[in-house]
Number of protein chains: 2
Amino acid sequence: MIKEKGLSYTQAREELINLLLHASTPLSYDNIKNSLSMDKATFYRNTALFEAAEIISSFESNDKKRYYFIEQNLHPHFICTNCNSIECLKEDIIYALDGYKIESITIKGLCPECQKEN
Amino acid sequence: MIKEKGLSYTQAREELINLLLHASTPLSYDNIKNSLSMDKATFYRNTALFEAAEIISSFESNDKKRYYFIEQNLHPHFICTNCNSIECLKEDIIYALDGYKIESITIKGLCPECQKEN
DNA sequence: TTATTAAATGCGACTTAGTTGCATTTAATT
DNA sequence: AATTAAATGCAACTAAGTCGCATTTAATAA
Ligand SMILES: [Mn+2]
Ligand SMILES: [Mn+2]
Ligand SMILES: [Zn+2]
Ligand SMILES: [Zn+2]
């Protein structure tokens, strides 16, 4: 995966790709900093590189943090503006936007839990 | 609009609502700071208040800035990850997410301009 | 209209996710 | 094994947004 894109294969990059491959939702630096052996600067330099190489995607959540993910099938992510939880929405929503290339879709609002509380 | 929600009607709030009402795309503080007579703290305190009162919505773009908008019909916004431009996507896309309340939808990717350059 | 008061504002200090420069280490190639 | 350009760690930095507090203003009562 890394080598296919002509990038050199380092310990840090392997570690980062593995974490993202096995995650069930997008992850921020903050989420995984304790599982990472690399420095924060290395994390961000590599995520930027992987995004440019189109190995990973990301979005900015409500909590001012960026979340990174690797996913085979394009699906929207739901972000709760109350509790900041992030969910994968597996229901297929087809976006045919002529001339645009779609990298990620985020839907913000209130999750079922938070809506009840109102 | 402001009074309907039981908020007091101040010069700063009128100014802010007017700017957002007449904007053709979502706006960040940076976009309009030169047109604003209020302080940055007041801008952010009022946007937070308006969001809580459900007068405005917002999303975090790719450039780490938050964009605010008032819109009658719910439609997605497209954010180009290359040039950071923001567009309203008027084509109606119906999201029926049972149990969720949807406040905003953002689609990220490459706009037609930036995709050509590749 | 004026007096009262709680809420709104401006200002400066602060927070914090992410970035950058530079010295050191490491992966890739010879 | 030697070479070298790229990758990394560290510490300093940047900038969007937040917060405390003194001052001003909107709303209400007199
Ligand atoms: Mn997902
Ligand atoms: Mn719009
Ligand atoms: Zn929630
Ligand atoms: Zn673009």
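Chain letters run A, B, ... following the sequence lines, proteins first and then strands; every chain starts at 1. Since the model is a prediction, treat every value here as computed from it, not as a measurement.
The base of dG18(C) sits with one of its N or O atoms less than 3.5 Å from a complementary donor or acceptor on the side chain of Lys40(A).
Taking the centre of each ring, His77(B) and Phe69(B) come in below the 6.0 Å mark.
Between Phe78(A) and Leu97(B), the closest side-chain pair of non-hydrogen atoms falls below 4.5 Å.
Both Ser8(B) and Ala41(B) sit near DNA chain D, but only Ala41(B) has its closest nucleotide nearer the 5' end. Both Glu60(B) and Met38(A) sit near DNA chain D, but only Met38(A) has its closest nucleotide nearer the 5' end. Residues Thr10(A) and Thr10(B) each lie close to DNA chain C; by heavy-atom proximity, the contact nearer the 5' end of the strand is made by Thr10(B).
No donor-acceptor contact under 3.5 angstrom links the side chains of Thr42(A) and Asp39(A), judged on distance only.
Remark: C1' of dG10(C) and CD of Gln11(B) are 16 Å apart, rounded to the nearest angstrom. Ile32(B) has its CD1 atom 12 Å from the P atom of dG17(D), to the nearest Å. When rounded to the nearest whole Å, the span between CG of Leu36(A) and C1' of dT8(D) equals 14 Å. In this structure, the CG atom of Asn62(A) is 18 Å from the P atom of dA16(D), given to the nearest Å. Separating the CG atom of Asp30(A) from the C1' atom of dT16(C) is a distance of 10 Å, rounded to the nearest angstrom. Rounded to an integer number of Å, the gap from CG of Asp63(B) to P of dA15(D) is 13 Å. With rounding to whole Å, Lys65(A) atom NZ is found 10 Å from dT16(C) atom P. Phe43(B) places its CZ atom 16 Å from the P atom of dC19(D), with the value rounded to the nearest Å.
For Lys40(B), there are no side chain to side chain donor-acceptor pair (under 3.5 Å) partners, not counting sequence neighbours.
Between Tyr29(A) and Phe43(A), the two ring planes are tilted [angle within 30° to 60°].
In this structure, the nucleotide among dA11(D), dA28(C), dG17(D) sitting nearest to the side chain of Lys64(A) is dG17(D). Residue Lys3(B) places its side chain closer to dA27(D) than to any other of dG9(D), dA27(D), dA27(C). Of the candidates dT20(C), dA27(D), dG17(D), the closest approach to any side-chain atom of Arg45(A) belongs to dT20(C). Nearest to the side-chain atoms of Asp39(B) among the listed nucleotides dC11(C), dT18(D), dA26(D) stands dC11(C). Each of dA27(D), dA16(D), dA6(D) was ranked by its minimum atom distance to the side chain of Tyr44(B); first place goes to dA16(D). When the nucleotides dA16(D), dT9(C), dA11(D) are ranked by their closest atom to the side chain of Thr42(B), dT9(C) comes out on top.
Note on Asn46(A): only backbone sugar-phosphate atoms sit closer than 4.0 angstrom, heavy atoms only; bases stay farther off. Among the protein residues, Ser37(A) comes within range of the sugar-phosphate backbone only, with heavy atoms under 4.0 Å from sugar or phosphate atoms but none that close to a base. Using a 4.0 Å heavy-atom cutoff across all strands shown, Tyr29(B) reaches no nucleic acid atom at all. Within the 4.0 angstrom heavy-atom criterion, only backbone atoms of the sugar-phosphate kind lie near Arg66(B); the bases stay farther away.
In this structure, Lys108(A) does not pair ionically with Glu60(B), as no charged nitrogen and carboxylate oxygen lie closer than 4.0 Å.
The shortest distance between the side-chain N/O atoms of Arg13(A) and the OP1/OP2 oxygens of dA7(D) is below 4.0 Å.
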